[in-house]
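One structure is given here, and the rest of the page talks about it.
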Amino acid sequence: MITVNRAPPYLTVQDLGRRHSRASGVPQGGAVDSFALRAANALAGNPLDAAGLEWALGDGSIKFERDAVFALAGARARAMLSGKSVAPCTTVYAHPGDVLTIEQISGGRFLYIALSGGIDVPIVLSSRSTYLPGRFGGYLGRTLKHGDSLALGSPPSRAPVAGCHCAADLLPRYETGIVHVTRGTHSDLFDEATWRTLTDSEYKVSVASDRTGYKLEGPTLGNPVGTLPSEAGCPGSIQVPGDGFPIALMADAPTVGGYPKIAVVAEADLPIIAQRAPGETIRFELITIEQSQRALRRRASDLHTISQLAIRSSR
């Protein structure tokens, strides 16, 4: 088991979400930066969809009650394991009594901690992810608090060796803030001047942003229709409400909505927008669907390389 010694303001259990419940009105949810969780799982010797910890907004610590392998990915963090520095995207071994302390998140927004065996909480609608608005999934449907103890699943029979490391060139280019988009389902409702505004401007992530959506501050986009009949939406859709400030839907986005969708974030770049903290900027670049698909295949190839690196180093 692991025990939360000191909880940050936000700490939940997440896996890759509920991909088969949208028809029932349940958002996909899961890790906002799914690439980071999968990469950390690979380095911990887990299946890529194992449940881990999604950490944000401050410092804290967890204590290990058994031998375990873990890895950190996603946001940049100053982390210590019983007084020794912990490198990002690296396989680390912990022993009973060891304490992992996250002293500061120095860049990005969501830090992921994958632990050998994964977090063993009940499966709800085919996922262990926490859905806070619905108060279900994860650990009692809530954020983790001081004193909470979490069971870990059975450790892998062969874990990567300590120090197995993922090179930076296999990770998304989080630091650029450049996010590629394709045209959305209502792109034809917007004139070329509006498109130039979207792609030529710099937008800042508002403090009024969360796992449901990131509201973006910058030049407004004209909304030519107000609202439309509700239709299906998805994480990455960029909606334009009546005030003209675009909203990028994120992991907990509702399954339907009526604001016009000018664009959709390329799936390969969802990790980049996910890791932009409030006050940080984004620039959008328009690409074709074919270019978006190629980028996603490259992202999948990078993840495969990380997995193979971990497998080759296992013992």
Side-chain angles (χ1 to χ4, degrees), residues 1-17 30-82 84-96 98-121 128-130 138-139 143-146 148-153 155-156 159-160 162-166 171 174 211 251 271 274-275 306 310:
M1 300 184 72
I2 59 169
T3 299
V4 179
N5 273 5
R6 184 161 48 90
Y10 173 86
L11 179 62
T12 63
V13 176
Q14 301 291 345
D15 58 17
L16 298 185
V32 184
D33 181 353
S34 63
F35 184 95
L37 177 61
R38 287 181 289 177
N41 270 324
L43 292 166
N46 291 336
L48 300 189
D49 61 353
L53 298 177
E54 184 176 82
W55 183 306
L57 301 178
D59 61 350
S61 62
I62 59 174
K63 183 179 180 181
F64 292 87
E65 310 293 347
R66 78 168 202 200
D67 288 322
V69 180
F70 72 93
L72 310 180
R76 298 190 305 277
R78 189 167 69 239
M80 305 290 287
L81 180 68
S82 296
K84 296 182 180 180
S85 179
V86 175
C89 296
T90 301
T91 302
V92 182
Y93 278 67
H95 303 289
D98 279 346
V99 175
L100 172 65
T101 301
I102 306 301
E103 297 181 342
Q104 181 186 28
I105 292 181
S106 57
R109 187 163 190 172
F110 293 100
L111 173 69
Y112 294 88
I113 307 174
L115 305 110
S116 53
I119 305 292
D120 188 12
V121 293
R128 290 185 167 89
S129 284
T130 309
Y139 184 83
T143 57
L144 296 170
K145 307 298 183 184
H146 170 76
D148 287 342
S149 292
L150 297 169
L152 301 181
C164 178
H165 178 72
C166 164
L171 302 175
Y174 292 115
R211 285 178 46 92
Q275 293 293 356
I306 296 170

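Counting heavy atoms from C-beta outward, Tyr139 and Ile119 have side chains that stay 4.5 Å or more apart. Using a 4.5 Å heavy-atom cutoff, the side chains of Asn41 and Tyr112 are not in contact. The closest side-chain heavy-atom distance from Arg38 to Ile306 is not below 4.5 Å. In this structure, Pro155 and Val69 have side chains that are not in contact, with every pair of non-hydrogen atoms separated by 4.5 Å or more. Side-chain contact between Tyr93 and Asp98 is absent, with no heavy atoms from C-beta onward closer than 4.5 Å. Arg211 has its side chain within reach of Phe110: a pair of non-hydrogen atoms, C-beta onward, lies under 4.5 Å apart. By the 4.5 Å heavy-atom criterion applied to side chains, Ile102 and Pro8 are not counted as neighbours. Side-chain contact between Leu115 and Leu150: absent, with no pair of heavy atoms (C-beta onward) separated by less than 4.5 Å.
Between the side chains of Thr12 and Gln14, a donor-acceptor pair is found at a separation under 3.5 Å. In this structure, a donor-acceptor pair under 3.5 Å is present between the side chains of Lys145 and Thr143. Side-chain contact check for Thr3 and Ser149: at least one donor-acceptor pair (N or O, by modelled atom type) lies under 3.5 Å.
A donor-acceptor contact shorter than 3.5 Å links the side chain of Arg128 to the backbone of Val121. A distance-only check finds no donor-acceptor pair linking the side chain of Asp120 to the backbone of Gly153 [under 3.5 Å]. Formation of a donor-acceptor pair under 3.5 Å by the His95 side chain with backbone atoms of Asp67 is not found in this model. Judged by distance alone, the side chain of Asp15 and the main-chain N or O of Gly30 form no donor-acceptor pair under 3.5 Å. Of the possible donor and acceptor atoms, none in the side chain of Thr91 sits under 3.5 Å from a partner among the backbone N and O of Ala44.
No option in Asp33, Val32, Leu111 other than Asp33 meets the side chain to side chain contact (heavy atoms under 4.5 Å, CB included) test with Gln275. Each of Leu53, Leu57, Ile113 was compared with Leu11 under the side chain to side chain contact (heavy atoms under 4.5 Å, CB included) criterion, and only Leu53 meets it.
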Report the C-alpha separation of Leu152 and Arg66 in whole Å, then their side-chain angles, then the decisive distance to 0.1 Å, and conclude whether the side chain to side chain contact (heavy atoms under 4.5 Å, CB included) test is met. CA-CA 9 Å; Leu152 301 181; Arg66 78 168 202 200; 3.7 Å; yes
Stepwise side chain to side chain contact (heavy atoms under 4.5 Å, CB included) check, Leu100 with Leu72: CA-CA 11 Å; Leu100 172 65; Leu72 310 180; 4.3 Å; yes
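Shortest non-hydrogen contact noted between Cys89 and His165 is O-ND1, 3.2 Å. Taking both residues in full, the closest heavy atoms of Ala36 and Tyr174 are given as CB-OH, 3.9 Å, listed atom of the first, atom of the second, then distance. Pairing each heavy atom of Ser106 with each of Ala77, the nearest pair is OG-N, 4.2 Å.
A salt bridge is absent between Arg78 and Asp59; no separation between the charged side-chain nitrogens and carboxylate oxygens falls under 4.0 Å.
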